[in-house]
Student: 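Got a structure here, written out as structure tokens. Questions coming.
Order of listing sets the numbers, starting from 1, for every ligand and every atom in it.
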Amino acid sequence: MSPIQPFNFESLLRPSIRELKPYRSARDDFKSGILLDANENPYSPGVEQASGLNRYPDPHCDALRARLSELKGISPEQIFAGNGSDEAIDLLIRMFCEPGRDRIIITPPTYGMYRVSADINGVACIECPLNPDFTLNPERILDAAPGAKLIFLCSPNNPTSNRISTDAIEQILSKSGCLVVVDEAYIDFSEEKSLLPLIDRYPNLVVLQTLSKAWGLAGIRLGMAFGAVGLISYMMRVKPPYNVNALTQQTALDALSSEGKFREHLTLILRERERVSEALKKMRIVKHVHPSDANFLLVNVENALDLYHGLARKGVIVRYRGDQLHCNNCLRITIGTPAENDALLLAMREVSEIKASNSKPTIS
Ligand code: PMP
């Protein structure tokens, strides 16, 4: 499939962004020498001078983007690095949507930050819900697309844990005329391939990924957006100058050179996902474990809110998702270490036994 109408992302940008004169940071012109240009301080208490942390970080994340470029097989100019993928979500909405006027499309039940970022920016959301079996409804999205600038799709989707059909996403890419943001935070846990190779075919595609999930580095806050060179260059102009701090850039580089360990951990999580899923399916209180392409399970149980509180009383914290569309009585359970997963399974059994004994009729 190829784009039906030529896509000119610049015409979708807010005029203030198109005309923006970006902030020039201290190191845009000179990176070395006696650096007295940025009001830094040579003395930092409690930190080794040699660590360089008294200096502002590289605003362009050049080393990190070069490494990502090798790993992902795309050019560094097609890569944006952000303070978590949450920053990229917010930035895209701010770049394209005029507050009080423009709209985005979201597909509930899905990741909550698309709506939160839109709300913060005064941008309305058009809801095109997933079908009850959590598949996408491309026709509904295409009907709504003329009234929107951006479409957020999440694959594998949070909280439903399933991947979205590539054919359905390509239909939307070809026909919507919108910028289509495909959030692949959980893609490494899936058998489905990333849509990354499609960024050369579809100029209206932005793919989001993160080091928070499969790379196990939620604490450093490193998210990525991949897309056409022109679009990424606008993201670089609009972002705060030093959005990715020096410690994050270095830790990310270290992690990205440990691919062997990454694969090992991934295999362990996938094995545990299978084990936990099978154990849950055998429990009487569990009605359905949804097939998962992510590092969590969406589990339909008897009385999810009671179970959620019962587990919390035993020190096991899961996410109640019964308030989400099509997720009645569902808990979202993250796959942890084997010991954490055992603790979850034990707590589930204990809570369900208490429930069963409480509901037995008393004989007088
Ligand atoms: N996208 C999805 C689908 C998520 O579930 C999450 C976090 N739960 C994020 C993005 C946020 O990722 P980051 O930590 O990179 O901001």
Student: Note the single closest protein heavy atom to atom 12 (O) of ligand 1, along with its residue, its atom name and the distance in Å.
Tutor: Ser85 OG, 3.1 Å

Student: When you measure from atom 1 (N) of ligand 1 to each heavy atom in Leu222, Asp183, Thr210, which option holds the nearest one?
Tutor: Asp183

Student: For the 3.5 Å polar cut-off, considering only N or O atoms, please tell me whether Tyr111 and ligand 1 meet it.
Tutor: no

Student: Going by an N to O cut-off under 4.0 Å, is there a salt bridge joining Arg275 and Asp342?
Tutor: yes

Student: Would you call Glu302 and Lys287 a salt bridge, using N to O less than 4.0 angstrom?
Tutor: yes

Student: Heavy-atom contacts with Tyr186 under 4.0 Å: which atoms of ligand 1 show up? List them by number with element.
Tutor: 3 (C), 4 (C), 5 (O), 8 (N)

Student: Under 4.0 Å from a heavy atom of Cys154: which atoms of ligand 1 are those, numbered in the order shown and with their elements?
Tutor: 3 (C)

Student: Is the ring centre of Tyr186 less than 6.0 Å from the ring centre of Phe296?
Tutor: yes

Student: How far is atom 7 (C) of ligand 1 from its nearest protein heavy atom, and which residue and atom is that?
Tutor: Lys213 NZ, 3.2 Å

Student: Return the residue, atom name and 0.1 Å-rounded distance of the protein heavy atom closest to atom 16 (O) of ligand 1.
Tutor: Arg221 NH2, 2.7 Å

Student: Do Arg115 and Glu127 sit within salt-bridge range, that is, some charged N less than 4.0 Å from a carboxylate O?
Tutor: yes

Student: Side chain, backbone, both or neither: which part of Asn158 has a heavy atom under 4.0 Å from ligand 1?
Tutor: side chain

Student: Under a 3.5 Å cutoff, is there a donor and acceptor pairing between the side chains of Lys72 and Gln209?
Tutor: yes

Student: Can you name the atoms of ligand 1, numbered from 1 with element, that are less than 4.0 Å from a heavy atom of Ser212?
Tutor: 13 (P), 14 (O), 15 (O)

Student: Aromatic contact between Tyr111 and Phe152, with the criterion being ring centroids under 6.0 Å apart: yes or no?
Tutor: no

Student: Do Arg94 and Glu87 sit within salt-bridge range, that is, some charged N less than 4.0 Å from a carboxylate O?
Tutor: no

